[in-house]
Amino acid sequence: MLFDKFDAMSRAREELAEAGVSPFGAVAEEIHSATEGVVQGKPVILAGTNNYLGITFDPRCVDSAREAVARWGTGTTGSRLANGTFAEHVALERELADFFGVARAIVFTTGYAATQGTCATLAGPGDVILIDADCHASIYAGARLSGADIIRFKHNDAADLEKRLRRLGERTADTLIVTEGIFSMRGDIAPLAEIAELKRRYGGYLLVDEAHSLGVLGDNGRGASEAAGVEPDVDFLVGTFSKSLGATGGYCVSPHPVLDDIRFSIRAYIFTASPVPAVVASVRAALGILRSEPALRRRLWDNARRLHQGLADLGFEVGPEASPVVAVPMDDPRRALTHWQALLDAGIYVNLVVPPASPGDHSMLRCSVSAAHTEEQIERIIAAFAALPGD
Ligand SMILES: Cc1ncc(COP(=O)(O)O)c(C=O)c1O
């Protein structure tokens with residue numbers, strides 16, 4: 001039967017419902033600010049939002065969106081290739097190209113479309129995509145769609161990447177190496193200096209998904225590639241507007257003039273409606289804030305270090321380095337579930353991540369920190385973790 005494959009999901013959901021927890025699709029009944037809302041009827045501190053700069057309620061973004069909806073209407077009702085290219089889209093592409101210091105940028109309707117569409121289009125049958133094992137589902141989806149040979153290298157392991165590049169021989173000329181900046185799940189950072197050096201030595205092309213590092217890393221907030229000093233080595237930078245820029249949408253920028261032709265070959269760009277102008281206007285305002293207010297980045301990192309240290313002091317295995325994504329691994333998925341609920345009962349909303357979405361076999365409680373969190377809120381998050389029942 002067509003539906004048999006959903007039996008396991010159905011059973012898992014029933015078990016969760018019987019246990020009285022509903023972690024997937026938890027509804028935010030109210031959102032009061034970047035860091036506060038109401039979930040399951042309880043006022044909570046939002047500690048799992050990817051709202052890194054905390055600007056979702058910034059009046060400059062809200063007012064830009066409001067003015068744009070009045071000026072352009074609620075939607076474009078068409079794809080960029082048909083009737084869906086408005087002056088707002090073109091202006092944002094110009095501003096992104098200027099920000100990243102390249103000639104070309106493409107704006108997509110979602111970050112997923114940006115990564116999936118770019119990977120699916122850049123490589124094709126006969127080519128190779130070398131992917132960090134922990135890369136996001138959208139990258140895997142694009143790689144599969146491309147028809148290229150997919151080879152995974154061990155997460156953040158440049159030596160393993162080198163082994164695979166060496167084995168490829170002349171095929172490296174047709175190879176796309178794909179990694180992320182800050183990784184979405186564990187919050188660790190790709191060794192981009194080493195990866196860029198390998199690309200220079202062996203050939204191929206490098207694509208970096210900066211979804212979680214835009215606005216977070218680099219002196220100018222351009223991401224992990226800027227922080228590692230390898231921007232000239234990166235052939236394609238992709239990312240999303242749904243995290244530090246507080247909206248939705250995605251981008252791809254590149255120094256290669258061929259990006260103009262690639263744009264018209266990406267099905268996830270051609271065959272979908274373009275981003276809503278109000279969203280684009282708020283992203284433009286958010287990009288302006290990202291560029292002009294480095295203090296937000298400093299506050300984000302102060303909060304990230306505070307939470308990381310607090311959880312490490314409690315004995316949680318939070319990884320060696322502070323990061324705005326603070327993942328607490330849990331060996332037992334049931335324990336992850338009860339802890340997730342206990343945190344929520346204590347007024348702290350974090351993300352519950354279970355396989356296959358999590359890397360390896362781990363479940364995890366994934367926190368993400370915002371520049372908008374106050375010290376007191378970070379301390380309350382740490383206190384809620386401290387109060388979790390032991391074994
Ligand atoms: C690394 C990475 N790439 C791409 C995406 C997709 O972005 P969006 O959710 O904005 O479509 C995400 C979102 O979670 C992500 O974490």
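As a basis for the values below, the full set of heavy atoms in this structure was taken, side chains included, without hydrogen atoms, waters or symmetry mates. Not measured: the values here are computed from a predicted model.
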Can you hop from [X] to [Y] via hydrophobic side chains spaced under 4.5 Å?
X	Y	value
L287	L296	yes
V238	I270	yes
I177	L207	no

Distance in Å, [X] [atom1] paired with [Y] [atom2], rounded so as to fall on 0.5 Å steps:
X	Y	atom1	atom2	result
I182	S323	CD1	OG	4.5 Å
E321	R305	CD	CZ	11.0 Å
K199	T172	NZ	OG1	11.5 Å
I129	C119	CD1	SG	5.5 Å
I139	T179	CD1	OG1	7.5 Å
L214	L290	CG	CG	5.5 Å

Which atom names give the shortest non-hydrogen contact between [X] and [Y], and what distance separates them?
X	Y	result
I189	N156	O-ND2, 3.2 Å
A113	A268	O-CB, 3.8 Å
V369	A304	CG1-N, 3.7 Å
E379	R306	OE2-NH1, 3.3 Å
D235	L206	OD2-N, 2.7 Å
N51	S370	O-OG, 2.9 Å

Counterpart residues, side-chain hydrogen bond (donor to acceptor under 3.5 Å, both in side chains), relative to [X] (two or more places apart):
X	result
E226	N220
S265	none
E293	R60

Got a sec: does the [atom1] of [X] have more than 12 other heavy atoms crowding it under 6.0 Å?
X	atom1	answer
R13	CZ	no
K154	NZ	no
H89	NE2	yes
D4	CG	yes
Y205	OH	no
R201	CZ	yes
R166	CZ	yes

Heavy-atom side-chain proximity of [X] to [Y] below 4.5 angstrom:
X	Y	answer
N50	S242	no
V328	V318	yes
R291	D98	yes
I45	H373	yes
I151	L168	yes
R104	R263	no
R171	D149	yes
R71	E67	no

side-chain contact (heavy atoms from CB on, under 4.5 Å) between V279 and T109, worked out:
CA-CA 10 Å; V279 169; T109 307; over 6 Å; no

Would you tell me whether D209 and T115 have side-chain atoms, one donor and one acceptor, within less than 3.5 Å of each other?
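No - no donor-acceptor pair under 3.5 Å links their side chains.
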
Is a side-chain donor-acceptor pair under 3.5 Å present for Y52 with H212?
yes

Hydrophobic cluster (4.5 angstrom, side-chain heavy atoms) - remaining members for V353:
M185, M364

If you link ILVMFWY side chains whenever their heavy atoms are less than 4.5 Å apart, which other residues fall into the same cluster as W72? By chain and number, please.
F86

Mind checking what makes salt bridge (charged side-chain N to carboxylate O under 4.0 Å, His left out) contact with D174, not counting sequence neighbours?
none

Within [range] or reaching into it, pairs that qualify as ring pair (Phe, Tyr, Trp, His ring centres under 6.0 Å) - sequence neighbours excluded:
range	answer
residues 146-197	H155-F183
residues 223-242	F236-H256, F241-Y251
residues 268-294	F108-Y269
residues 281-308	none

Which pairs count as side-chain hydrogen bond (donor to acceptor under 3.5 Å, both in side chains) when at least one residue sits in residues 275-287, sequence neighbours excluded?
E88-R284, E95-R284

Determine yes or no for a side-chain-to-main-chain donor-acceptor pair under 3.5 angstrom, with [X] supplying the side chain and [Y] the backbone.
X	Y	value
T121	T118	no
E210	A224	yes
E29	Q40	yes

Salt bridge (Lys or Arg N to Asp or Glu O under 4.0 Å), that's the test. Do R164 and D160 meet it? Break it down for me.
CA-CA 6 Å; R164 290 162 198 285; D160 192 54; 2.9 Å; yes

Applying ring-ring contact (aromatic ring centres under 6.0 Å, His included), name anything that partners Y140, two or more places apart in sequence or on another chain.
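Not a single residue meets the ring-ring contact (aromatic ring centres under 6.0 Å, His included) criterion with Y140.
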
Run the side-chain hydrogen bond (donor to acceptor under 3.5 Å, both in side chains) test on S274 and T76 for me, step by step, so that the C-alpha distance in whole Å, both residues' side-chain angles and the decisive distance to 0.1 Å come before the verdict.
CA-CA 6 Å; S274 61; T76 65; 2.8 Å; yes

Apply the test side-chain contact (heavy atoms from CB on, under 4.5 Å) to residues L176 and V178: give CA-CA distance (whole Å), side-chain angles for both, the deciding distance (0.1 Å), then the verdict.
CA-CA 6 Å; L176 180 68; V178 184; 3.9 Å; yes

Can we say R299 and D302 salt-bridge, meaning some charged N sits less than 4.0 Å from an Asp/Glu carboxylate O?
no

Evaluate L388 against F385 for side-chain contact (heavy atoms from CB on, under 4.5 Å), listing each step before the verdict.
CA-CA 5 Å; L388 288 173; F385 270 91; 3.8 Å; yes

When you look at Q377 and E36, which way does the side-chain contact (heavy atoms from CB on, under 4.5 Å) test go after all the steps?
CA-CA 10 Å; Q377 286 175 326; E36 289 176 312; 3.6 Å; yes

